[in-house]
Q: 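Handing you a structure now.
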Amino acid sequence: MGLGWPQAWLLGLPTAVVYGSLALFTSILHNVFLLYYVDTFVSVYKINKVAFWVGETVFLLWNSLNDPLFGWLSDRQFLSSQPWSGARLSSRAVVLARVRALGRHGPLLALSFLAFWVPWAPAGLQFLLCLCLYDGFLTLVDLHHHALLADLALSAHDRTHLSFYCSLFSAAGSLSVFASYAFWNKEDFSSFRAFCVALAAGSGLGFLGATQLLRRRVEVAGKDPGCSTLAMDGGLYGEELLVGSEEVGSITLGQYLRQLARHQNFLWFVGMDLVQVFHCHFNSNFFPLFLEHLLSDHISLSTGSFLLGVSYVAPHLNNLYFLPLCQRWGVYAVVRGLFLLKLGLSLLMLVAGPDHPGLLCFFIASNRVFTEGTCKLLTLVVTDLVDEDLVLNHRKQAASALLFGMVALVTKPGQTFAPLLGTWLLCFYTGHDLFQQPPMTPVGSAQPWPEPPAPAPAQAPTLRQGCFYLLVLVPITCALLQLFTWSQFTLHGRRLHMVKAQRQNLAQVQTLDIKTV
């Protein structure tokens, strides 16, 4: 029975396009979440300071622990050194399991996104539960989506090709930020709620459709011996891998952590990425504040809306240019160049001062664009670390999701530190408290920590001065720390080529072993 033309056309789409489309259904939700969740609870639901800090602190713990937890539950069988009664695990079976997980967790992510925009519990409790629920499903989606990048392709060219489509679809998803600005109204929240319902519906249905299509392609590729590969020219491996090795016993979590502790490039990378995650979320959380207090007297509301939207779309469009550079010069060199660019622009802005609106517009936008763009490129570095981990520890199958989870264990705290440290520094330097809500009653004597001391009124810097120094000094500090840690990272050039060659040889040897069984 023949297929209808729409179904046949969909099945004919390149796997890279289907894989990249999953980034669209995540980004249309997550960009809106990052931009509005703090403002919604502080300005609309009137959460108090204690509840906000308690929620962010609990979120910090959950945000850090759920990545390695979910990664361990997903990939622990790949670390086993004890054969499963001679059972074999094909790489296609690994990919199929990840695709099915995305099909389950993607729609649940969309539902958890909706829980932010309707008050259904006391503000403090809702803040805590919504953050933890949303981040749990986001973690599951991100882990399996990123792990597919390492499982679908081995060569740097093929992985860059997959990332190209992720950036393209993420840029399209970022257009939701432009639309959100038209619906955002703190006084009348109903239209923004309706907008979020539409986003969640589109995202949930998109996940269901894309994962079904991708699963169909995996199954067809597995049944058709004439089908070369699922991904691109050399993408998905067709060989079967024995789960385990000749050693007796199984690798425990403690042994795996000791292996990571000896993985020097992993340690240097997560140190650098912790700073990067902090800086990315600092820019996301404080971008509207910088526009309001540094540029509101010089730009119109429509210009501010345009800058806001561009700051979310441009990083993905930038990557369409940076990814070919990565193919030519390597990810290491491109990332190092972006760190140097961040440092140079920040020093220039510091010298110029806050009284140049045009330069300030360019810096605020470019600072976010280049920082977010760097975050997107670092996924490629983690896939290289997956290869090095497999080679160094002689694994039979790459534990992709688990390694992505361990990276997040160390780096995700930067996501929580960003709003906490930013608001504290602003209050410490200027005496301006973002949580002051006249004429609400004071929080009371139950202070979780001492209030930062406010400068004397006669000497207190203005809020505008505080925002400017926060804007330029944070990227300068981040760039210096990152240039140092990145200089210690050695998985590039000759060493990277050696690791790739060894993994390719390992895959070929395993294929030969299977054929002789």
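Numbering of residues begins at 1 and proceeds along the displayed sequence. Bear in mind that the values here come from a model prediction, so they are computed numbers and not experimental data.
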Q: From L392 CG over to Q259 CD, what is the distance, rounded to the nearest 0.5 angstrom?
A: 9.5 Å
Q: Passes ring-ring contact (aromatic ring centres under 6.0 Å, His included), F59 versus W62? Steps please.
A: CA-CA 5 Å; F59 174 56; W62 171 242; 9.3 Å; no
Q: For the side chain of H161 and the backbone of H157, is there at least one donor-acceptor N/O pair under 3.5 Å apart?
A: no
Q: To the nearest 0.5 Å, what is the distance between CE on M272 and CD on Q488?
A: 12.5 Å
Q: Within the supplied structure, the quantity of interest is the number of heavy atoms (other residues, nucleotides, ligands) at a distance under 6.0 Å from Y469 OH; does it exceed 12?
A: no
Q: Ignoring hydrogens, what is the shortest heavy-atom contact between L102 and H145? Give both atom names and the distance.
A: CD2-N, 4.1 Å
Q: Write down the atom of T160, the atom of L323, and the distance for their closest heavy-atom approach.
A: CG2-O, 3.5 Å
Q: Are any non-hydrogen side-chain atoms of F339 and Q276 less than 4.5 angstrom apart?
A: yes
Q: D387 vs Q502, test: side chain to side chain contact (heavy atoms under 4.5 Å, CB included). Steps then yes/no.
A: CA-CA 9 Å; D387 297 337; Q502 289 185 17; over 6 Å; no
Q: How close do L360 and P354 get, heavy atom to heavy atom, and via which atoms?
A: CD2-O, 3.9 Å
Q: For L143 and G71, work out which heavy atoms get closest and say how close.
A: CD1-N, 3.7 Å
Q: List the atom of L109, the atom of L138, and the distance in Å for their closest heavy-atom pair.
A: CD1-N, 3.6 Å
Q: What's the spacing between S346 OG and N367 CG if we round to 0.5 Å?
A: 5.5 Å
Q: Using side-chain heavy atoms (C-beta onward) and a distance below 4.5 Å, is S170 in contact with K376?
A: no
Q: Between T411 and V407 (side chain of the first, backbone of the second, donor and acceptor by atom type, cut-off under 3.5 Å), is there such a pair?
A: yes
Q: If we only count heavy atoms from C-beta on, is the S400 to R98 side-chain gap below 4.5 Å?
A: yes
Q: Do F489 and W486 have side chains that approach each other closer than 4.5 Å (heavy atoms only, starting at C-beta)?
A: yes
Q: Determine all donor-acceptor pairs shorter than 3.5 Å in which one atom belongs to a side chain in residues 21-31; sequence neighbours excluded.
A:
from, atom 1, to, atom 2, distance (Å)
S21, OG, V18, O, 2.6
T26, OG1, L22, O, 3.3
S27, OG, A23, O, 3.1
S27, OG, L24, O, 3.2
H30, ND1, Y134, OH, 2.9
N31, ND2, S27, O, 3.2
N31, ND2, S174, OG, 3.1

Q: Under 3.5 Å, side chain of T371 to main-chain N/O of R368, donor-acceptor pair present?
A: no
Q: L133 versus F116: any side-chain heavy-atom pair under 4.5 Å?
A: no
Q: Do N393 and Y256 come within less than 4.5 Å of each other through their side chains, counting heavy atoms only?
A: no
Q: Begin with the C-alpha distance, continue with both residues' side-chain angles, and end with the deciding distance and a verdict on side chain to side chain contact (heavy atoms under 4.5 Å, CB included) for L34 and H281.
A: CA-CA 8 Å; L34 288 177; H281 285 84; 3.7 Å; yes
Q: How many angstroms lie between atom CD of Q255 and atom CZ of R258, to the nearest 0.5 angstrom?
A: 5.5 Å
Q: Would you check, one step at a time, whether the test ring-ring contact (aromatic ring centres under 6.0 Å, His included) holds for Y19 with Y165?
A: CA-CA 8 Å; Y19 171 80; Y165 281 97; 9.7 Å; no
Q: In terms of ring plane angle, is the pair F282 and H279 parallel, tilted or perpendicular, where the classes change at 30° and 60°?
A: tilted
Q: Find the distance between CZ (F169) and CZ (F164) and round it off to the nearest 0.5 Å.
A: 10.5 Å
Q: Hey, what do you get for CG (D389) to CG (D384), rounding to the nearest 0.5 Å?
A: 12.5 Å
Q: Determine the minimum heavy-atom distance between A261 and L267, stating which atoms define it.
A: O-CD1, 3.3 Å
Q: Are any of the side-chain heavy atoms of M349 and F362 separated by less than 4.5 Å?
A: no
Q: Quick check: do T423 and F286 have side-chain heavy atoms less than 4.5 Å from each other?
A: yes
Q: Check the pair V277 / F417 against side chain to side chain contact (heavy atoms under 4.5 Å, CB included), numbers first and verdict last.
A: CA-CA 10 Å; V277 170; F417 288 143; over 6 Å; no
Q: Run the side chain to side chain contact (heavy atoms under 4.5 Å, CB included) check on T490 and Y332 step by step: do they pass?
A: CA-CA 9 Å; T490 61; Y332 179 86; over 6 Å; no
Q: Keeping D75 on the side-chain end and L402 on the backbone end, is there a donor-acceptor pair under 3.5 Å?
A: yes
Q: Would a distance-only check, ignoring hydrogens and angles, find a side-chain to backbone donor-acceptor pair under 3.5 Å from H146 to D142?
A: yes
Q: With under 30° as parallel and over 60° as perpendicular, where do the rings of F370 and F322 fit, or are they tilted in between?
A: tilted
